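What follows is a single structure, written as structure tokens, with notes after it.
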There are 2 protein chains.
Amino acid sequence: MSRRTSLKDIAERVGVSTALVSYVINGQEKEKRVGKEVVKKIRAAAVELNYQPNQIARSLRRGSTKTIGLVVADIANPFFGNMARVIEDEANKQGYTVIFGSSDENSGKMGSLVDILINRQVDGFIIVPAEGTDLQIKVMQEKKIPLVLTDRYFMEVTTNYVVLDNFGATYDAISHLIEKGYKKIGMIAYKSNLIHMKERIRGYIEAMNNNNLGNEIRIEEVRNNHVGIDVEEAMSKLTAGERKINAILFATNALTISGLYCVQKLSLKIPEELAIIGFDGNEAFDFFYSPLTYIEQPIEEMGKEAVRVLIEQINGSTKIVHIKLRHTLIKRQSSL
Amino acid sequence: MSRRTSLKDIAERVGVSTALVSYVINGQEKEKRVGKEVVKKIRAAAVELNYQPNQIARSLRRGSTKTIGLVVADIANPFFGNMARVIEDEANKQGYTVIFGSSDENSGKMGSLVDILINRQVDGFIIVPAEGTDLQIKVMQEKKIPLVLTDRYFMEVTTNYVVLDNFGATYDAISHLIEKGYKKIGMIAYKSNLIHMKERIRGYIEAMNNNNLGNEIRIEEVRNNHVGIDVEEAMSKLTAGERKINAILFATNALTISGLYCVQKLSLKIPEELAIIGFDGNEAFDFFYSPLTYIEQPIEEMGKEAVRVLIEQINGSTKIVHIKLRHTLIKRQSSL
DNA sequence: AAATTAAGCTTAATCGTTTAAGCCATCAAG
DNA sequence: CTTGATGGCTTAAACGATTAAGCTTAATTT
């Protein structure tokens with residue numbers, strides 16, 4: 001890779017100091033009173049030599065990289081993939097570049113990911129925090145590293161966040177099922193202390209309680225590293241025996257998909273034997289023989305807001321922003 | 001953000017020059033004969049002050065950022081999302097970080113994306129090139145920028161690439177359909193000059209010809225920015241009239257999904273009225289009432305190989321590598 | 001005519017690391 | 001007692017861009 005042209009090259013060709021070139025390149029020729037002729041020559045040389053500023057040098061000097069670090073659970077998960085896309089576009093619009101990493105919901109991995117990104121001097125972070133990373137986040141917060149959490153947050157740590165109104169979402173979903181006449185409603189969620197899960201479960205419970213169905217509450221919590229077998233076990237448990245349910249709410253996209261595989265296996269009739277509500281959109285929901293009712297998240301808004309808030313923060317704002325966005329319940333055949 | 005600790009801080013605390021600290025931090029205490037006591041003190045101070053090297057400064061000095069630029073069509077597309085994930089993991093293993101961007105199959109966007117990444121001094125690129133970017137790629141190649149193309153490549157530009165044996169994949173798929181007794185087989189592909197599309201189409205044509213079905217060949221090419229309506233039109237055309245087909249091959253994941261929506265709309269019986277073969281895996285294929293036969297791509301291998309080849313290139317290898325990987329045909333009900 | 005202001009430029013430090021080159025002991029060998 | 005290693009350290013330049021401060025010369029003001 002032959003050396004790229006630098007400010008110095010232009011300076012030499014035009015016969016001036018690098019300072020002047022820098023001023024012109026950065027559009028400060030007025031304030032710094034650079035001569036008209038010289039400005040022209042510098043511009044011409046820059047074009048001719050195809051000058052592109054070295055962002056690394058610039059970053060070192062300016063102390064800002066115009067880069068944001070994005071940490072999600074798994075970029076291959078469509079929910080996070082879509083979010084990443086929105087964030088990418090929005091960041092680009094504002095002149096920022098995105099570096100990403102997947103934590104796999106693992107606190108250790110998230111820690112080293114964050115370290116790497118800090119060493120690369122990202123200007124700020126958008127993070128989907130893994131379980132047990134409250135301390136990590138707190139430390140970042142104390143170091144005044146600009147930071148926005150999304151999808152989830154920690155009650156004990158005061159940070160910016162942009163999340164779904166998870167309680168409202170599941171409350172609404174359960175209310176809809178009840179309205180349709182279902183009473184024996186179960187739920188499959190992750191075993192997790194993360195707030196989004198707690199809130200989704202709370203929405204379910206309160207909706208049940210408020211409709212005098214408190215004693216019908218049946219929640220199965222599965223391990224996120226054994227989704228396949230755990231969901232299978234949970235489904236068998238819930239759909240058999242005395243207290244067999246006739247409707248179910250899944251707490252995430254992945255859980256819904258896993259649940260659908262079980263439904264196939266157990267050849268349950270949807271919605272006759274079991275009504276279903278899923279989480280997030282997914283093409284698979286459309287092609288399931290009984291198209292799924294699901295809770296749609298405003299991914300686009302979420303990503304955009306996250307970037308907006310983060311950049312405000314990077315630009316020095318110190319106010320803490322909490323944003324809860326509303327879902328949309330897409331009603332279809334699986335909950336008729 | 002209070003200033004982070006630098007080499008200088010450690011040097012001052014221990015009472016030595018920054019050079020020594022740098023040597024120790026980089027594990028060169030042997031070659032550079034640093035005193036045992038001093039090494040200990042420096043190590044202790046580094047830990048105590050929680051020293052983390054500033055990668056920006058390091059990059060500037062070393063002329064290498066340990067960063068790779070990944071340009072895909074759209075990170076929100078599961079195929080590319082999965083690939084990104086594999087690349088991320090593999091790159092991390094080798095000490096590299098990934099910066100990504102989505103081109104939307106748009107040559108202009110790809111150009112500016114590449115420019116941005118070059119200015120950020122990425123050490124090399126993994127690119128899924130958009131149509132009409134052969135010149136861009138050629139220029140990069142001439143500038144000796146380490147580079148691996150994937151998913152597609154250009155016949156006219158000699159670069160490294162890691163792709164699917166697209167011809168073999170569709171040839172195999174069509175052969176399977178013919179074996180199953182289907183003769184009136186159509187195909188829906190993108191209108192594109194990109195090699196992967198050409199090869200997929202060529203595989204279809206040759207398989208048809210080699211089975212004396214040359215006069216049954218029916219290809220519909222749709223615009224990638226109007227997938228919805230174009231596929232609908234193509235499907236109506238192919239599945240009606242005199243020469244109505246009884247089997248179809250889709251050239252990509254997105255096309256398959258679009259096609260399935262049409263199948264729902266036209267309420268075609270699969271596979272009785274129409275056998276289907278899709279491209280790439282997708283959960284939706286599993287839940288379609290007649291689970292889809294599809295061409296599975298070795299995404300993991302593809303991503304891993306791309307990273308491997310790129311890093312070889314970054315490390316100075318000048319040999320050009322061409323890798324074609326084999327698909328797996330997952331046979332299921334939709335082509336029985 | 002002296003003093004001030006403005007225009008147009010250069011110098012040099014700086015960001016945090018890396019690394020070639022050199023300095024100064026100490027010690028062994030001749 | 002000189003020479004040459006060897007060990008253990010420092011100096012300072014370099015990477016490429018930014019920017020405060022200062023230096024000329026010419027023009028304007030008093």
Side-chain angles (χ1 to χ4, degrees), chain A residues 1-43 45-46 49-67 118-123, chain B residues 1-43 45-46 49-67 118-123:
Chain A
M1 227 191 303
S2 59
R3 210 178 51 76
R4 302 180 48 206
T5 88
S6 70
L7 277 191
K8 212 173 166 188
D9 299 327
I10 300 185
E12 274 167 9
R13 147 140 357 186
V14 178
V16 296
S17 70
T18 61
L20 275 202
V21 181
S22 174
Y23 293 143
V24 172
I25 296 292
N26 290 295
Q28 302 186 282
E29 61 267 15
K30 284 275 173 326
E31 306 90 297
K32 304 292 177 174
R33 333 170 274 213
V34 182
K36 281 195 165 190
E37 278 307 304
V38 174
V39 170
K40 263 190 200 162
K41 280 195 206 163
I42 291 178
R43 288 247 170 75
L49 298 177
N50 184 31
Y51 173 71
Q52 300 289 129
N54 180 326
Q55 293 294 343
I56 296 291
R58 186 175 265 182
S59 296
L60 178 59
R61 176 60 224 240
R62 287 192 177 158
S64 121
T65 54
K66 286 278 178 183
T67 299
I118 288 182
N119 294 350
R120 305 227 165 211
Q121 311 290 120
V122 300
D123 293 339
Chain B
M1 231 194 296
S2 60
R3 211 178 52 74
R4 304 179 47 207
T5 90
S6 69
L7 278 190
K8 212 174 166 186
D9 299 328
I10 300 185
E12 276 168 8
R13 144 135 5 180
V14 178
V16 296
S17 70
T18 61
L20 274 202
V21 182
S22 174
Y23 293 143
V24 172
I25 296 294
N26 291 293
Q28 304 185 280
E29 61 268 15
K30 285 275 173 325
E31 305 91 296
K32 304 292 178 175
R33 328 172 279 211
V34 183
K36 281 195 165 191
E37 278 307 306
V38 174
V39 170
K40 262 191 203 162
K41 281 194 205 162
I42 291 177
R43 288 247 170 75
L49 298 176
N50 184 31
Y51 173 72
Q52 300 290 127
N54 181 326
Q55 293 293 343
I56 295 292
R58 186 174 264 183
S59 296
L60 178 59
R61 177 57 224 238
R62 287 192 176 159
S64 122
T65 54
K66 285 277 176 185
T67 297
I118 288 183
N119 294 351
R120 306 223 165 216
Q121 314 289 121
V122 300
D123 292 340

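Remember, predicted model here, so these are calculated numbers, not experimental data. Computed over heavy atoms, backbone and side chain alike; hydrogens, waters and symmetry mates excluded. Note on naming: letters A, B, ... go to the chains in the order of the sequence lines (proteins, then strands), and numbering restarts at 1 for each one.
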Quick one: [X] [atom1] to [N] [atom2], roughly how many Å, whole number?
| X | N | atom1 | atom2 | answer |
| --- | --- | --- | --- | --- |
| A:Gln52 | D:dG16 | CD | C1' | 14 Å |
| B:Arg33 | D:dC9 | CZ | P | 11 Å |
| A:Glu31 | D:dT19 | CD | C1' | 13 Å |
| B:Arg61 | C:dT14 | CZ | P | 19 Å |
| B:Ile10 | C:dG16 | CD1 | C1' | 12 Å |
| A:Arg4 | D:dC15 | CZ | P | 15 Å |

Test item: A:Thr18 side-chain N/O and A:Leu7 main-chain N/O as donor-acceptor pair under 3.5 Å: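 Side chain of A:Thr18 to backbone of A:Leu7: no pair is present.
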
To the nearest 0.5 Å, what is the distance between [atom1] ([X]) and [atom2] ([Y])?
| X | Y | atom1 | atom2 | answer |
| --- | --- | --- | --- | --- |
| A:Asp123 | A:Arg62 | CG | CZ | 11.5 Å |
| A:Ser64 | A:Gln55 | OG | CD | 9.0 Å |
| B:Ile118 | A:Gln52 | CD1 | CD | 8.0 Å |

Between [X] and [N], is there a contact of a side-chain N or O with OP1 or OP2 at under 4.0 Å?
| X | N | answer |
| --- | --- | --- |
| A:Asn26 | D:dA17 | no |
| A:Thr18 | D:dA17 | no |
| A:Arg58 | D:dG16 | no |
| A:Tyr51 | D:dA17 | yes |
| A:Asn54 | D:dC15 | no |

Would you indicate what [X] reaches in the nucleic acid, counting non-hydrogen atoms under 4.0 angstrom: base, sugar-phosphate, or nothing?
| X | answer |
| --- | --- |
| A:Gly63 | nothing |
| A:Val21 | nothing |
| A:Ser6 | sugar-phosphate |

N/O donor-acceptor pair, side chain A:Arg62 with base D:dT18, under 3.5 angstrom: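 Counting by modelled atom types and ignoring angles, no donor-acceptor contact under 3.5 Å is found here.
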
Base C:dA7 paired with A:Tyr23 side chain (donor-acceptor, <3.5 Å):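 There is none.
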
Minimum-distance nucleotide to B:Ser17 side chain [options: D:dT10, C:dA7, D:dA21]: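 Per side-chain heavy atoms of B:Ser17, the pick is D:dT10.
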
A:Ala19, nearest nucleotide to its side chain (from C:dT10, C:dT17, C:dA20):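 In terms of side-chain proximity for A:Ala19, the closest of C:dT10, C:dT17, C:dA20 is C:dT10.
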
B:Arg120 and its side-chain hydrogen bond (donor to acceptor under 3.5 Å, both in side chains) partner, picked from A:Thr65, A:Thr67, A:Asn54: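 So the option named by the test is A:Thr67.
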
